Amino acid sequence: MEIHIEALICYAVFFSLFVLLLFIAQKDKRLSQIPFLGLFILLTLFSGLRYGLGRDFEIYEFMYNNPVHSSSFDFVEPFWQTFIMICRTLGVPFLSWQLLVSGLTIGLCMYSFRRLCGSYWWMALLSFVLIYSGYFESFNIVRQYLSMSVVLASYCLLLDKKYGYWFLCCLLSFALHHSAVVFVVIAPFVLFTSERLEAKSWFLFLIVSFLVGKFFLMPIVDILTQFLPERYSLYTHSDKVYAMSSDSGVYPIFLNLTALFFLYLRQHIQTSNVLYRQSIDYYLTAIIFYNLFINFEIAARLFYYPFMFTFILFPLSFKYSRTKWVSWALSAILCVFSVFMVKNLGNIEEPYSKYRTIFDTVIYK
């Protein structure tokens, strides 16, 4: 396996500083503002100064530098087209634009963790980095992740029953990425069913979604093709329907087992915090989406919206658990997630294994 020493050094420095700042934040609550700011800077720089990382990096770079000649420019949302043209008019280079987008994404996520998890924000941030579908996936689905961060940051408005302001935030997230419409559907469902659906119903949904995704995917795709706009229906063509690249058979099983574990906690942890129960329901919904579209990677990206609440679920589970075995189980689950994260970062077929910054003149092939 090809190993890039420069990339290993970058990751070693990043994770060392990350753990150090988290330790300081957790150890001394009085100084939490300083490591909080330090973590924001660290995560923003590591993401924003990357070069070549992200499956669509070259597409974004070419689209920004040559919008007239880029076929992708016509397919992005009007908001992004306007945003790109304004930045270009102001003379902002692509990598500065990327740094700005990374800062907005990380800033909104960290704001969400602080608002929704209180003093446990550091644990939310830890899960955000250790679970691949968090921080490192934001390198890939850039527009969608910024949209998701708006969704998560605005959730406190929904909890405070400020529905008008929340809906305006939903419009913003929709403008950033049209897939955000899925959360506008999911959120009312979770709010309405949180106290009504029993564990056996969720268990049945998990089983059915797994069977449907395994054996009945193509008929569903054919139906979607008839209703989707042309700009999205092209993704349902047979050459676009393929299994998720990370699917080795183990990860889906692991996700479903964790869903059953949190379903158990849903029944046995008693708390008046409605966000905790809702976070479990969002996690269960995310795994159902994953099961349904496990063989359709592009559609499976919809699962990221409810999955965002995983980063809220872990700290709240630690906070409200009353038995040591639950805390140990949560720690073990987070460790397994981190193993999958390291596996993805070390995959030589992905650009993560060749991490470099804009200051690195070496181009990995």
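Just so it is clear, the structure is predicted and the values come from calculations on it, not from any experiment.
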### Query
In Å and rounded to the nearest 0.5 Å, what is the SG to OH distance from Cys10 to Tyr355?
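If we round to the nearest 0.5 Å, Cys10:SG and Tyr355:OH are 6.0 Å apart.
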### Message
If I take atom CG from residue Leu330 and atom CZ from residue Phe261, how far apart are they, to the nearest 0.5 angstrom?
### Response
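Between atom CG of Leu330 and atom CZ of Phe261 there are 4.5 Å.
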4.5 Å side-chain heavy-atom contact, [X] and [Y]:
X	Y	result
Phe314	Leu130	no
Phe136	Phe46	yes
Leu108	Leu146	yes
Leu158	Tyr163	yes
Asn66	Phe73	no
Ile34	Ile24	no
Arg301	Ser179	no
Ser147	Tyr305	yes

N/O donor-acceptor pair under 3.5 Å between [X] side chain and [Y] backbone:
X	Y	answer
Asp160	Lys162	no
Arg115	Ala153	no
Gln98	Arg50	yes
Arg277	Val274	no
Ser16	Val13	no
Ser70	Pro67	no
Ser47	Thr44	no

So, do [X] and [Y] have ring centers that fall under 6.0 Å from each other?
X	Y	value
Phe174	Phe79	no
Tyr51	Phe57	yes
Phe337	Phe254	yes
Tyr11	Tyr352	no
Phe311	Phe128	yes

Any idea how [X] and [Y] line up, ring-wise: parallel (<30°), tilted (30 to 60°), or perpendicular (>60°)?
X	Y	result
Tyr264	Trp325	tilted
Phe303	Phe307	tilted
Tyr155	Tyr282	perpendicular

### Query
Do you know the tightest heavy-atom contact between Leu152 and Ile312?
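Taking every non-hydrogen atom into account, CD1-CG1, 4.4 Å.
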### Message
Ignoring hydrogens, what is the shortest heavy-atom contact between Glu198 and Arg266? Give both atom names and the distance.
### Response
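In terms of heavy atoms, the two residues are closest at C-NH1, 4.3 Å.
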### Message
Please say yes or no: joined through hydrophobic side-chain contacts below 4.5 Å, possibly via intermediate residues, are Tyr111 and Leu100 part of one cluster?
### Response
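No; Leu100 is not reachable from Tyr111 via cluster members.
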